[in-house]
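One structure is given below, encoded as structure tokens.
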Amino acid sequence: MGGGKRRTTQSQTMPSSSSSLSSCWSHFWSSALRSKPLVSPSESAVRTNSGDGLVRRLGMFDLILLGVGASIGAGIFVVTGTVAKDAGPGVTISFILAGASCVLNALCYAELASRFPAVVGGAYLYTYTAFNELTAFLVFAQLMLDYHIGAASIARSLASYIITILELFPVFKDHIPDWIGHGGQKFLGGAISINVLAPILLALLTIVLCRGVGESSAVNSFMTAMKIIIVIIVIFAGAFEVDVSNWTPFTPNGFKPILTGATVVFFAYVGFDAVANSAEESKRPQRDLPIGIIGSLLICVALYIGVCLVITGMVPFYLLGEDAPLANAFTSKGLKFVSILISIGAVAGLTTTLLVGLYVQSRLYLGLGRDGLLPSLFARVHPKLRTPIHSQIWVGIVAGILAGLFNVKILSHILSVGSLTGYSVVAACVVSLRFKDKAANEVSSSAWREGVICLFIVACGGFGAGLCYRFSASIVFLVLTVVVAILALAALCFRQVYADLPGFSCPGVPYVPAVCIFFNMFLFAQIHHEAWVRFVILSIIVVGTYAFYGQYHADPNSEETIIYHRTSAEER
């Protein structure tokens with residue numbers, strides 16, 4: 001009797017547990033597939049004209065300087081030496097390839113920036129609207145880790161340049177230990193590298209940002225002009241010290257390290273992000289945004305090429321320093337006056353780049369806090385200072401830990417994963433939001449799902465082609481992956497109908513976004529294996545975080561947005 005009751009109880013419990021598990025799984029997927037509604041351009045225009053939006057005061061020249069100012073810094077003053085260690089003088093080609101990819105990415109980014117209202121979010125917001133909640137959360141996490149690593153790398157190099165300036169004075173010469181800021185005290189075979197000055201610099205900048213910092217267009221133009229002048233002086237001064245024999249061989253380790261280097265220097269062109277996000281501030285976005293984006297990128301590519309050729313021609317690539325390659329190269333040639341100029345320009349340039357980077361990160365955390373995917377603590381704004389202090393402090397702490405414990409080379413190996421995947425998703429968002437049914441805010445049809453599958457096949461084709469090239473697979477497999485991607489692109493062209501946009505639109509849809517996705521995924525296949533491990537581990541952590549927290553607190557229809565007001569100077 002007792003056994004019969006127990007069996008009855010167990011038989012009742014098992015269906016209950018199974019039903020509960022099924023319910024949890026159903027809730028997870030229904031939450032993960034939620035998306036934000038797309039705000040129409042007319043609603044955005046009403047919002048802008050009401051006086052609560054941004055002021056349209058940026059001309060074509062302002063936009064070009066904005067992009068150059070946000071880009072020039074880490075790419076020239078930090079990563080050139082790191083990548084040249086493996087790629088040799090071929091680091092020049094790395095910058096060209098990354099720049100070409102970024103031109104395509106920037107065109108996609110510009111369309112979405114001009115189409116969405118001016119609120120925090122960027123790639124996360126676009127993905128949330130075009131696809132779903134979980135994908136948007138994954139894009140945010142991968143991009144944010146890139147931003148954290150980039151900030152840590154810049155902080156360590158900034159510390160190194162500051163020490164270089166201090167050592168110009170006899171009292172400090174050879175008296176500053178490595179663990180303070182010049183390289184770092186290494187442990188565990190170099191995996192851990194203690195650097196005290198970098199976290200201190202991050203803490204100081206975090207305090208400044210918590211108290212409220214705003215950069216006007218005039219200040220940005222002045223700082224950018226100063227950096228460009230210094231870089232041009234460096235190129236011309238170094239050109240007279242070039243030994244052409246240092247360029248032979250141009251690719252000492254083959255072409256593969258060059259492709260890997262392209263993935264590392266990818267983040268050196270992030271200035272187009274700032275230009276694309278200035279759509280609402282642009283006087284003539286239809287004309288000026290493409291010019292500002294492409295113009296700033298071409299200027300950056302030209303400057304990067306000049307600097308790479310000069311430093312690899314002045315000093316053999318294997319002797320270049322990793323923390324301050326430019327200053328070290330000129331010091332080795334006895335050109336101390338140029339080295340001093342480089343160090344001063346680097347300190348100014350890296351400081352502004354780091355300041356803006358930390359500012360942007362905190363605002364992205366603010367956006368997720370408002371949407372509920374992160375705790376509401378991140379969404380709190382100080383009532384007097386009007387800054388998201390909790391988000392800002394968190395950003396400073398994370399970057400400080402990375403900068404204080406890991407060296408630049410280790411950090412750079414897992415860099416650009418978020419940028420490559422995030423920008424690929426942004427390109428996919430352009431195509432997805434151009435589909436007629438999605439543009440009209442209708443429920444996703446079978447045609448829309450078919451289009452998304454084709455985009456995924458293009459991405460897989462790019463990744464597969466990259467793997468075939470990296471591991472020297474048979475040419476048959478390489479051709480096969482390219483053919484599959486071309487067939488998917490053909491399906492996108494002939495089986496989908498695309499909406500026309502009233503504002504700026506990316507040319508050649510779906511060709512340009514598809515090529516962008518393919519090339520990004522090809523580069524993704526060239527990154528260091530540590531970066532793949534980082535991608536998988538972080539994705540698992542993000543899905544777990546979403547399962548236990550995000551799905552229960554997120555609100556895709558949140559009405560909270562950031563309102564930008566005119567400053568007193570602008571009103572005058």
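Each residue takes its place number in the sequence, starting with 1.
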Contacts of type salt bridge (Lys or Arg N to Asp or Glu O under 4.0 Å), residue Arg470, not counting sequence neighbours: none

Taking Ala379's backbone N and O only, do any of them form a donor-acceptor pair with Arg370's side chain (distance below 3.5 Å, no angle check)? no

Under the side chain to side chain contact (heavy atoms under 4.5 Å, CB included) test, residues paired with Leu201 that sit two or more places apart: Leu158, Ala159, Ile162, Leu197

Using the test side-chain hydrogen bond (donor to acceptor under 3.5 Å, both in side chains), find all partners of Ser424 that sit at least two apart in sequence or belong to another chain. Asn520

With a 4.5 Å heavy-atom cut-off, do Leu97 and Phe522 have their side chains touching? no

With rounding to the nearest 0.5 angstrom, report the CG to CG distance, Leu420 to Asp146. 8.0 Å

Nearest 0.5 Å please: distance from the NE2 atom of His27 over to the OH atom of Tyr552. 6.0 Å

In Å and rounded to the nearest 0.5 Å, what is the CG to CZ distance from Leu523 to Phe518? 10.5 Å

Identify, with sequence neighbours excluded, every residue that meets ring pair (Phe, Tyr, Trp, His ring centres under 6.0 Å) alongside Tyr511. none

Determine, stepwise, if the pair Cys108 / Tyr423 fulfils side-chain contact (heavy atoms from CB on, under 4.5 Å). CA-CA 9 Å; Cys108 298; Tyr423 295 157; over 6 Å; no

Close side-chain approach of Tyr469 to Leu259, heavy-atom, < 4.5 Å: yes

Considering non-hydrogen atoms only, spot the tightest contact between Ala488 and Val458 and give its length. CB-CG2, 3.8 Å

Assign the ring pair Tyr109 / Tyr126 to parallel, tilted or perpendicular, where the plane angle (0 to 90°) is split at 30° and 60°. perpendicular

I'd like to check Phe519 versus Leu104 (side-chain heavy atoms, cut-off strictly below 4.5 Å). Are they in contact? no

Please answer whether the main-chain N or O of Gly292 pairs with a side-chain N or O of Ser296 as donor and acceptor at a distance below 3.5 Å. yes

Listed by chain and number, what are the side-chain hydrogen bond (donor to acceptor under 3.5 Å, both in side chains) partners of Thr135, not counting sequence neighbours? Asn132

Counterpart residues, salt bridge (Lys or Arg N to Asp or Glu O under 4.0 Å), relative to Arg380 (two or more places apart): none

Separation between CD1 (Ile453) and CG (Leu492), nearest 0.5 Å, reads 11.0 Å

Could you go through the side-chain contact (heavy atoms from CB on, under 4.5 Å) check for Val381 and Leu366 one step at a time? CA-CA 9 Å; Val381 177; Leu366 174 63; 4.3 Å; yes

Ring geometry between Tyr498 and Phe435 (parallel below 30°, tilted from 30 to 60°, perpendicular above 60°): tilted

Quick one: CG on Leu364 to CE on Met144, what's the gap to the nearest 0.5 Å? 4.5 Å

CD1 on Ile207 to CG on Leu202, rounded to 0.5 Å: 11.5 Å

State whether the side chain of Glu450 and the backbone N or O of Ser446 hold a donor-acceptor pair below 3.5 Å, judged by distance alone. no

What residues form a ring pair (Phe, Tyr, Trp, His ring centres under 6.0 Å) with Phe137, not counting sequence neighbours? none

Between Thr481 and Gly464, which heavy-atom pair has the shortest distance, and what is it? CG2-C, 4.0 Å

Qualifying residues under ring pair (Phe, Tyr, Trp, His ring centres under 6.0 Å), relative to His390, sequence neighbours excluded: none

So which atom in Gly400 and which in Pro199 form the shortest heavy-atom distance, rounded to 0.1 Å? O-CG, 3.5 Å

Could you tell me whether the side chains of Tyr124 and Asp371 share a donor-acceptor contact shorter than 3.5 Å? yes

For Phe456, give me all partners under ring pair (Phe, Tyr, Trp, His ring centres under 6.0 Å), at least two apart in sequence or on another chain. none

I'd like to know if the side chain of Tyr269 reaches the main chain of Phe95, judged simply by a donor and an acceptor atom lying under 3.5 Å from each other, with no hydrogens or angles considered. yes

Under a 3.5 Å distance rule, please check whether Gln526 uses its side chain to pair with a backbone N or O of Gly466 as donor and acceptor. yes

Among residues at least two apart in sequence or on other chains, which ones pass side chain to side chain contact (heavy atoms under 4.5 Å, CB included) with Ala554? Arg34, Tyr128, Glu133, Leu373

Do the side chain of Ser432 and the main chain of Ala428 share a donor and acceptor less than 3.5 angstrom apart? no

With side chains defined as the heavy atoms from C-beta onward, is the minimum distance between Val395 and Tyr147 less than 4.5 Å? no

Would the distance check show the side chain of Arg534 and the main-chain N or O of Gln142 forming a donor-acceptor pair, the cut-off being under 3.5 Å? yes

Sidechain-backbone polar pair: Gln496 side chain, Ala447 backbone, donor-acceptor under 3.5 Å: yes

Treating Trp532 as the side-chain partner and Phe524 as the backbone partner, does any N or O pair qualify as donor plus acceptor under 3.5 Å? yes

Sequence neighbours excluded - salt bridge (charged side-chain N to carboxylate O under 4.0 Å, His left out) pairs with any residue from residues 21-30: none

Do the side chains of Ser505 and Arg434 get nearer than 4.5 Å, heavy atoms only? yes

Considering non-hydrogen atoms only, spot the tightest contact between Gly418 and Leu143 and give its length. O-CD2, 3.3 Å

Gln392 side chain vs Leu358 backbone, donor-acceptor pair below 3.5 Å: yes

How far apart are the closest heavy atoms of Cys429 and Leu112, and which atoms are they? CB-CD1, 3.9 Å

Within-4.5 Å side-chain heavy-atom neighbours: Cys454 and Leu489: no

Val426 side chain reached by Asn105 side chain, heavy atoms, under 4.5 Å: no

Assign the ring pair Phe28 / Trp25 to parallel, tilted or perpendicular, where the plane angle (0 to 90°) is split at 30° and 60°. parallel

If the condition is side chain to side chain contact (heavy atoms under 4.5 Å, CB included), which residues does Ile397 pass it with, not counting sequence neighbours? Ile393, Ile401

Minimum heavy-atom distance Val265-Ala98, with the two atoms named: CG2-CB, 3.7 Å

